[in-house]
Structure formats: C-alpha cells, structure tokens
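In what follows, chains are A, B, ... by sequence order, proteins preceding strands, each numbered from 1. Just so it is clear, the structure is predicted and the values come from calculations on it, not from any experiment.
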2 protein chains.
Amino acid sequence: MTSDNKRPLTLRDVSDATGVSEMTVSRVLRNRGDVSEKTRVKVLAAAKELGYVPNKIAGALASNRVNLVAVIIPSLSNMVFPEVLTGINEVLETTALQPVVGVTDYRAEKEEKVLYEMLSWRPSGVIIAGLEHSDAARAMLNAAGIPIVEIMDTDGKPVDAMVGISHRRAGSEMAKAILKAGYRHIGFMGTKMPLDHRARKRFEGFTEALAKEGVEIEDRNFYSGGSALAKGREMTAEMLERSPDLDFLYYSNDMIGAGGLLYLLDQGIDVPGQIGLAGFNDVELLQGLPRKLATMDACRLEIGRKAAEIIAAQLDNPEEEIENRITLTPTISYGDTLKRR
Amino acid sequence: MTSDNKRPLTLRDVSDATGVSEMTVSRVLRNRGDVSEKTRVKVLAAAKELGYVPNKIAGALASNRVNLVAVIIPSLSNMVFPEVLTGINEVLETTALQPVVGVTDYRAEKEEKVLYEMLSWRPSGVIIAGLEHSDAARAMLNAAGIPIVEIMDTDGKPVDAMVGISHRRAGSEMAKAILKAGYRHIGFMGTKMPLDHRARKRFEGFTEALAKEGVEIEDRNFYSGGSALAKGREMTAEMLERSPDLDFLYYSNDMIGAGGLLYLLDQGIDVPGQIGLAGFNDVELLQGLPRKLATMDACRLEIGRKAAEIIAAQLDNPEEEIENRITLTPTISYGDTLKRR
DNA sequence: GTGGGGCTTGATTGCGCTAACCTTGTGTGA
DNA sequence: TCACACAAGGTTAGCGCAATCAAGCCCCAC
C-alpha cells in the first residue's frame, strides 16, 4: 500500500483549492465549454499540484458515456491476436476510444463470462473474434445496443458487422495450389482444438477442394500444448515414419510448419522436391528460416484496423450506413517449399 | 448497431418484473445478504429473461469498490509479457479480481498516459513493469493509495512492492559462464532500445563482469524493427564479416540468438566449438531448434504469479505484513551452444 | 397467548460527476 | 445612454447502484 492513505481526491478538492466551482473545474479538465484562459491555467495548476486524477466511474455514470471498446479474443500466446490488437490500437489512437482486452482461451463458457463482465462496464462497442457464440452470448450482443464487430472469420452470419477472411476459402485455395504444383500424397497436421472454428473451417475447405480432384488426405496428426516448433518436428518425424510416401505436408499454422521444415532440412530431405510444405498465417518469424515456408497471410493487421474503423464510424455517426461486412482476400505466398510447375 | 435500441435495462426493470424491491434484486445478483430461495429463483429467472446485465459503473460508484487490477506492460509482441499475464491470470482467477492490460511501447510518456487513464477507473491495484518511471508517474503511483507492484526488475527502489530478477546479475552470471567456458573474444547483439532498461542493465552487468577479468566486448550491433529471427541472421553475418576472430556471440534475446544460430549452422560453422552462443529469456521456441541455444530463463510466469499474489493478499488483509520485495533467481541453461570446459 | 429473536425485505441516502439550465458581468452599436 | 448579445461561471438534479438502517414476518419457548 502506498504512502498517504488519505481520502481520495475529488473535484471538490480542486474546486476548494482554486476558489472556482466544481463545474468549472470539470469543464477545464474536459476542455469543454467556455472557460477563461486565466482560470483554466489556475485550475490545471491546482489539479496537477494536488495530483488529482478524475474519477471516470462517476463521470461515466453521469454522462452515460464510456470511451471503452471491448475486444474479446481467444488467446495472446500466438502472434495472431497481438497483431490484430496492433491494428485496432492504431485506429483507436486517433479517436477518444480505448480498447480493453479480454481473453477466452477458445472456450465458449469463458467467452460468455468475459463478455458479461465487459458489458457490465457499458463499453461503447465490442470487437469479438469469431462468428460462433453461445446463445446467451449472442443474446447479450444483440441486446447491448452498441456497435458489434465480429472479426477474423466471414463464413457465417454476424450479429451486426464483420471483418475477416473466409477460412474455408483459404483452405481450399491452398489445396488447389498444392494440386496444381503436382503433389498428390498429402498429410495434414494441426492443433487438437475442436473449438478453434477457424482452423476447422480451413481444414474443411482444404479437404473439400482435394475431394473435388479425387484426392484424399492420407495421414493426419494433431497436437496440443508444448512448444509448437518442437511439436512440428515431432509430428513430422512420426508422420513420415508412418507414411513414407507422402509428398506434401500441410500445417494448420506456420509455427509447426517451421518445425517440420527444420526437421526435414536436418534429415537432408529435398524440400520442395521430395516433399512440399505449407503453413498458415504468414508470421514474421518465417523470414528468418533457412528456407521460406509457403503460407497464406491472414490479414491480421488489416482486420484490426477495419474493425476499429467500423466501431469509430458508427459511434461518430450512428445514422450513416457504412460497409459492415468486409471479406478480405488473403494472398498465398509460395515461398521456397511449394514448387510451381 | 444491434437491433432493439430501447433504453438500457436497470435494476428497476428487474424489480418491476418481479415485484420485489431493487435492493433485493441487487442482493440476489451479488449473492450478498439473506434472500429466500423462492425470491432468489424468481429474480434470477426474471433477470435472465430480460437479459439484464448489471451496471458495474453505478455499482462501483456506490460501493467504492472496483475489482480491477491495472497491468501496465511495454509490449505484447514478444513472448515475455503474455507469459507474465498468464501468471497473473492464474492467480487472479482464484479471486474476484480482474486484470486490465495497458501497453506502453517502452515509452515513458505513453506509460504516464496509460497509467493516468487506468487510475481514473480507480482500480484496486497496479502491476507495472519496470522500476523506471517519470516523476509524474511515480507521483500518481504514490498518491493512488492502492497496492502497487513493480515487476520484472529488482535493480532499484520500488514505489511499494516489487517482484523480478536482477538483470544486472543475469548479465554478469552469463559473462562468468562464458569466460569459465574459455571464450575470450566476445561480440554482443541487441535491440536499439535506449528505453528498455532491463536490456540495458543486463548489458551493463555483462560488460562489468567481463571487465573484472580484463575482457572487453570486441564488437556490437543493434537492430530495431523487423523479424527478430531474420535480424539475428543479418547481424550475425555482418558481425562475423567485420570481426572474424570472435569466438562467442551474446544476444540480448533468444529470438535474435536463434536467428544467429540458424545462420551459423547454415554456414557450417562449428557451434559451440568455433563459436559459442547465448541468448536471454528461455522462450519456448528454442525447444524446436536444431541445437538448443544457451539462455537464461527470466522467471516470467513466476513473476506474474507472485505479483498477483501480493495484490490479492494486500487487498485481502491490508494490515498483514507480507514479503513484498521478491528477487527471483534465474537459472542458466547451457543448451548445446555454450561448451563447458 | 405472547414476547422476542432471527430471518427477510424495503426505504432512504449519497457515491463523484456532468447535462442542462440559469445568473452575472462586460462590451458594443445605434 | 441604453438595450442586448455573449462570454464566463454557478446551480440544480439526477445517472444506477449499494450501504445502512428500519420494518415486517414467522416461529418457538415459556
């Protein structure tokens, strides 16, 4: 506990110290209404001297305005969501809004809890990852009466606005690229995450596109926990032991893909001649690998930016109709591990 | 904007719907005070049916209690702070407290702004990275009248409590280990971050310990921005070109160290025979590298846990004197790149 | 039957601030 | 010289909820 345990300061204290009314102090601190330069200076000096910090709780209650935007995401421990946050921040910094982040760990019941908790602070908007929510969560979003943007994914119906990419399409595009390059014996590796709907959709899009050409995934492997890079190595070793005839490995994220790549290079296997590889996400990390992994970028920064822009625009002018169903197009990057015919 | 734009619900609405007073509804929703099972059930049903979400702003103002803990960190884009957050979360989840994260980008003026913003919501405690703050920030922390824990670093004087490691000592320990292993021609690579005080302290500790043995750093290189892995490669290539006699490279973080390692292996250089390597942080990523980089773990999870425990304990019982200056001891991990004599 | 104790519920008040209105003082133009 | 506009600042009334205290109710022991 820090030193001086006196009663916390209020507008009243600043008012007493300067001789002007509380209202005038409030006006000065918010830069609102007409205040003479003289009193403005005096009030600011006193507030600073006393160390007064306005109580936003009281302010929010009185004005019925809260400059917070709830941002609800599944995880902070891979690079994808921090980058989305960066995009959100970039835009919100140009406004009076502030993001507040909640993490769900990919669990619907936690999402519900976090959402409830955040809504109880009456934010001005919500940015939430995914289109899949519990009925209760969806009901809360509907009833909140504030702008809602669902991000990352556009394969489904949003509550209000949405910004993302089609993961189904991303999977299918990658499948087409792989087939076009001439690979036919394909293995898949991913996370053991029934609740990661976007990974699931990519997988579905992938297998469907293969099926159209009469190709089936010949082996698959899932992991959970641990270092993704190490897991990528392990799983790849296992899979090639089990299915030595594979000529392509598709990884549900770049990190395990990088692990697989490092393993294959260690083993002296010809990549992409004997075996081709691809991941997903285009993480920065890949730039430093001995060979560049084929991947697809997920437009993370752009998703964050657009989502924040939608919130800001709606708050700015609720009447205005703006584009609020945005599907971005991820670009495939062939790198050095997906040979083109 | 979501559908029904009616006036937001209040306790009053639930009260009207059930026929009991607002106070009783409040009691039910907070599980506070004696309420008969019958009315409890009735009220909960009505609240759920209406989709009522309590207004914490009003609640906080009335009760003068806010169950938020402000967590202020420099960045989310490397793995170190998310892991600290995980530790904080683990502990706070066992309490009624909730973390709220603010990011400073290693800039003092932004730290000040973020702190001011967070304090204006009157949190119950603050966890803030580092011991270096602007005078204004320190004044705010002092005047806040709530538990403050400064984390990561213990080389300095805290405002209140602190939990971390001595980065100066971490640097010096690594220097000793390197010398003991017989290396003498040492290069250093790090981030171009005058404001990362912990990196600076490690560097100082490192050079001082070397100096004691009459050894000086022979070359150094700093980077900013871009993929750390790629930068590690580039800088290492440059440095070895410039100073081919180096026999050890010390990196200020594991990510650039990993880049350097991959580069040296590519070049067929004998690691650790010809050149030894070490990084800092013990990131999970290292597990998947072809060779394990020597490093030092920064006790990130534990720092988060302990910090949260201190906050929780102080709020629980402000009188109780608890250990609030905790210096953890990082353990050095030799991996495969720091040969021992 | 009756007084008292515990359980349950209700009424009042105010948290710190801001929206909306109101008052005062000053300068300006006809 | 006077009316009037407008800038500068004050007054009043809540925002939605929880602390506090008071009141109602029921049941049991004596």
> Given the rule in the side chain to side chain donor-acceptor pair (under 3.5 Å) test, do His133(A) and Glu150(A) qualify, once you have shown the distances and angles that lead to the verdict?
Replying inline: CA-CA 10 Å; His133(A) 315 291; Glu150(A) 289 165 277; 2.7 Å; yes

>> Under the rule for side-chain hydrogen bond (donor to acceptor under 3.5 Å, both in side chains), what residues qualify as partners of Glu22(B), not counting sequence neighbours?
In response: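 Here no residue qualifies.
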
> With sequence neighbours excluded, what pairs up with Asp196(B) under the side-chain hydrogen bond (donor to acceptor under 3.5 Å, both in side chains) test?
Replying inline: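 Checked Asp196(B) against side-chain hydrogen bond (donor to acceptor under 3.5 Å, both in side chains); zero matches.
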
Test of understanding: with salt bridge (charged side-chain N to carboxylate O under 4.0 Å, His left out), list the residues that count as partners of [X], not counting sequence neighbours.
X         : value
Asp13(A)  : Arg7(A)
Glu37(B)  : Arg40(B)
Arg107(A) : Glu109(A)

>> Going by salt bridge (Lys or Arg N to Asp or Glu O under 4.0 Å), name the pairs with one or both residues in residues 119-131 of chain B, residues two or more places apart or in two chains.
In response: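 Not a single pair qualifies under salt bridge (Lys or Arg N to Asp or Glu O under 4.0 Å).
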
>> Filter on salt bridge (Lys or Arg N to Asp or Glu O under 4.0 Å), then keep only pairs touching residues 125-145 of chain A, sequence neighbours left out; what's left?
In response: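 Those involving residues 125-145 of chain A are Glu132(A)-Lys201(A).
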
>> Rounding to 10°, can you tell me the angle the first-five-pair axis of the helix from dG1(C)-dC30(D) to dA30(C)-dT1(D) makes with its last-five-pair axis?
In response: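 Answer rounded to 10°: the end axes differ by 50°.
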
> Which residue pairs pass the side-chain hydrogen bond (donor to acceptor under 3.5 Å, both in side chains) test with at least one member in residues 41-70 of chain A, sequence neighbours excluded?
Replying inline: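 Checked against side-chain hydrogen bond (donor to acceptor under 3.5 Å, both in side chains) - neighbours excluded - the pairs reaching residues 41-70 of chain A are Lys56(A)-Glu117(B).
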
>> I need the full list of side-chain hydrogen bond (donor to acceptor under 3.5 Å, both in side chains) pairs touching residues 79-99 of chain A, with sequence neighbours left out, sorted by first then second residue.
In response: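 The answer is Glu83(A)-Arg300(A), Glu90(A)-Arg305(A), Glu93(A)-Lys110(B).
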
> When you check the phosphate oxygens OP1 and OP2 of dG10(D), does a side-chain N or O of Ser21(A) lie under 4.0 Å from one of them?
Replying inline: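 Ser21(A) to dG10(D) OP1/OP2: side-chain N or O found under 4.0 Å.
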
>> For DNA chain C, which residues of residues 34-51 of chain B approach it to below 4.0 angstrom with any heavy atom?
In response: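 Of all residues in residues 34-51 of chain B, the ones placing a heavy atom under 4.0 Å from DNA chain C are Asp34(B), Val35(B), Ser36(B), Thr39(B).
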
> If the sugar-phosphate is the primed atoms plus P, OP1 and OP2 and the base is the rest, what is the B/S/- string for nucleotides 16-27 of chain C, using protein heavy atoms under 4.0 Å?
Replying inline: BBBB--------

